[in-house]
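Below: the structure, in structure tokens.
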Protein chains: 2
Amino acid sequence: MSPTTETLTAERILEATEEVLRRHGPAKATVVDVARALGVSHGSVYRHFRTKAALRAAVTKRWLDRMFETLDVITADESRAPETRLRDWLAALFEAKRRKAGDDPELFATYMVLTRESSEVVDEHLADLTGQLTRIIEAGVASGDFAALDPRTVAVAVFHATGRFHDPGYSRLWERPGAREDFTALVDLLLRGLRAPAA
Amino acid sequence: MSPTTETLTAERILEATEEVLRRHGPAKATVVDVARALGVSHGSVYRHFRTKAALRAAVTKRWLDRMFETLDVITADESRAPETRLRDWLAALFEAKRRKAGDDPELFATYMVLTRESSEVVDEHLADLTGQLTRIIEAGVASGDFAALDPRTVAVAVFHATGRFHDPGYSRLWERPGAREDFTALVDLLLRGLRAPAA
DNA sequence: CAGCTGACAGATTTCAACATCTGTCAGCTG
DNA sequence: CAGCTGACAGATGTTGAAATCTGTCAGCTG
């Protein structure tokens, strides 16, 4: 590694910040640490990000965007039945959050800090996710698989209903024994509610 | 008031503790404060409650039991349709928690402390509530209004699904503009899922 | 002269001495 | 002698001074 040879870009700063966060956690990670990791003065970091909060938000945004991409693959696969897509989408969301919480506890903690600050980045992420849900439900309404309810309203309701399995505040419950069964039971009930009355 | 004339009972200690908690909040309230309020030494309080945590738990239990009683009236009213009872029960739960969070912020904060400690008192409370839900759903299954699903499983699913509207972790969202509509949309969806397919 | 540096003011965090609290218990009191 | 007291040890919380951090900016450098 030759950190001082390349020009300092926002991208390189984000990379370094993620590393520092992973090592120290959101409570201990400082802008000075990030600058040290890059071999520059902390003033240079402030040239690319106006505040520490903005830097933290940018790291989290990247991290959430990667999750969004994963789920978008399921959302966009119009070859499969809406019901299957919805099931898979919810399961993938649960699984993704669960893995993040386990594999990257410090970055996950950063995300939780942002959630509590009710940051714009998290609000956007949640809007993006309900947007994907809305698309799947629209497809189901169009195909006649789902009842003719307002897709956006139902999407929000489904998202709220499954909060226990994607909201970071519940992360400590995700590794408990019955979690998977509870999740399935809940999704089954929601799908019963979504399905159109017998053809 | 003549606090030193009556004998010291668990009940009187709980009363005083509730008052101290209301005034100082869970972070500042001490056993010494409670003893002072009663005009006794703190050693006497330990005669009735083995630890501070036990005292806090007992106060919260009383508080939660009152909520349980309120909801039990709805649960037990077998003259009304299961669907109506379920709607009213969920609305009453939401309303009760919302009022507690607003009117008694310090006692509510105490309850949140216990929730985070995942205390036995809270676990019991949650079990009691899902028990009530189970009874209502059993009634609905028996009357043919609800589909023949396992009542306990469905009760747990409904309880999890509505967490956003009764879990203290979400209390800061309960006074937001759209909360009531979001709640109604969610309950509507759940009831669609519960209803038996057309007679 | 664009981009970086490093000194700086004010905000925040750390740390250690000090104060208060929790939980126990021997002995006092009614 | 049942029930209460108050002194006590160890745990926890408070406080304020010192250290560190955030965010700015005048000036250096390639």
Side-chain angles (χ1 to χ4, degrees), chain A residues 1-60 106 109-110 112-114 116-117 119 121, chain B residues 1-60 106 109-110 112-114 116-117 119 121:
Chain A
M1 291 194 220
S2 48
T4 49
T5 51
E6 288 182 53
T7 47
L8 188 62
T9 62
E11 187 60 24
R12 285 188 61 227
I13 293 174
L14 289 177
E15 217 87 45
T17 305
E18 213 173 287
E19 190 49 37
V20 169
L21 279 169
R22 242 189 281 270
R23 207 185 299 285
H24 298 96
K28 295 277 185 184
T30 73
V31 176
V32 173
D33 288 334
V34 173
R36 193 173 13 247
L38 289 162
V40 299
S41 91
H42 74 280
S44 303
V45 174
Y46 280 99
R47 175 161 301 281
H48 292 86
F49 296 93
R50 224 173 314 114
T51 66
K52 183 186 186 177
L55 178 56
R56 193 169 44 202
V59 169
T60 307
E106 301 295 11
T110 305
M112 286 176 81
V113 168
L114 282 210
R116 241 161 274 190
E117 287 171 353
S119 118
V121 169
Chain B
M1 293 196 213
S2 48
T4 49
T5 50
E6 288 180 54
T7 48
L8 188 61
T9 62
E11 188 60 23
R12 282 189 62 225
I13 294 174
L14 289 177
E15 215 88 47
T17 306
E18 212 173 288
E19 189 50 34
V20 169
L21 278 169
R22 241 190 279 271
R23 208 185 298 286
H24 298 95
K28 295 279 184 182
T30 73
V31 177
V32 174
D33 289 334
V34 173
R36 196 179 4 252
L38 289 162
V40 300
S41 92
H42 74 281
S44 303
V45 173
Y46 279 98
R47 173 160 303 281
H48 292 86
F49 297 93
R50 223 170 318 108
T51 65
K52 183 187 185 177
L55 178 56
R56 194 168 44 202
V59 169
T60 307
E106 301 296 11
T110 305
M112 285 176 82
V113 169
L114 283 212
R116 242 161 276 192
E117 285 169 356
S119 120
V121 169

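If you're wondering where the values come from, they're calculated on a predicted model, not measured in any experiment. Proteins get letters first, then strands, A, B, ... in listed order; numbering begins at 1 in each.
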Look at A:Ser41 and C:dT5 and indicate whether a side-chain polar atom (N or O) is within less than 4.0 Å of OP1 or OP2.
yes

Within a radius of less than 6.0 Å around CZ of A:Arg23, do more than 12 heavy atoms belonging to other residues, nucleotides or ligands occur?
no

Does any pair with a residue in residues 45-58 of chain A pass salt bridge (charged side-chain N to carboxylate O under 4.0 Å, His left out), and if so which ones, sequence neighbours excluded?
A:Arg56-A:Glu117

Is there side-chain contact between A:Glu106 and A:Leu21, with at least one heavy-atom pair below 4.5 Å?
no

Using a 4.0 Å cut-off on protein heavy atoms (strictly under), produce a 5'-to-3' string for nucleotides 8-30 of chain C with B for base contact, S for backbone-only sugar-phosphate contact, and - for none.
------S------SBBB------

Reported CZ-to-OG1 distance for the pair A:Arg12 and A:Thr17, which is rounded to 0.5 angstrom
11.5 Å

Structure string for DNA chain D in dot-bracket form, Watson-Crick and G-U at under 3.5 Å, | interchain:
||||||||||||||||||||||||||||||

Could you check if a side-chain atom of A:Thr110 sits within less than 4.5 angstrom of a side-chain atom of A:Val59, using non-hydrogen atoms only?
no

With B:Val20 as partner, the option from B:Val31, B:Thr30, B:Val32, B:Val34 fulfilling side-chain contact (heavy atoms from CB on, under 4.5 Å) is B:Val34

Hey, does B:Asp33 have a side-chain heavy atom less than 4.5 Å from the side chain of B:Arg36?
yes

Whole-Å gap separating P (D:dC4) and CG (B:Leu38)
11 Å

So do A:Glu15 and A:Glu19 actually touch side chain to side chain, heavy atoms under 4.5 Å?
no

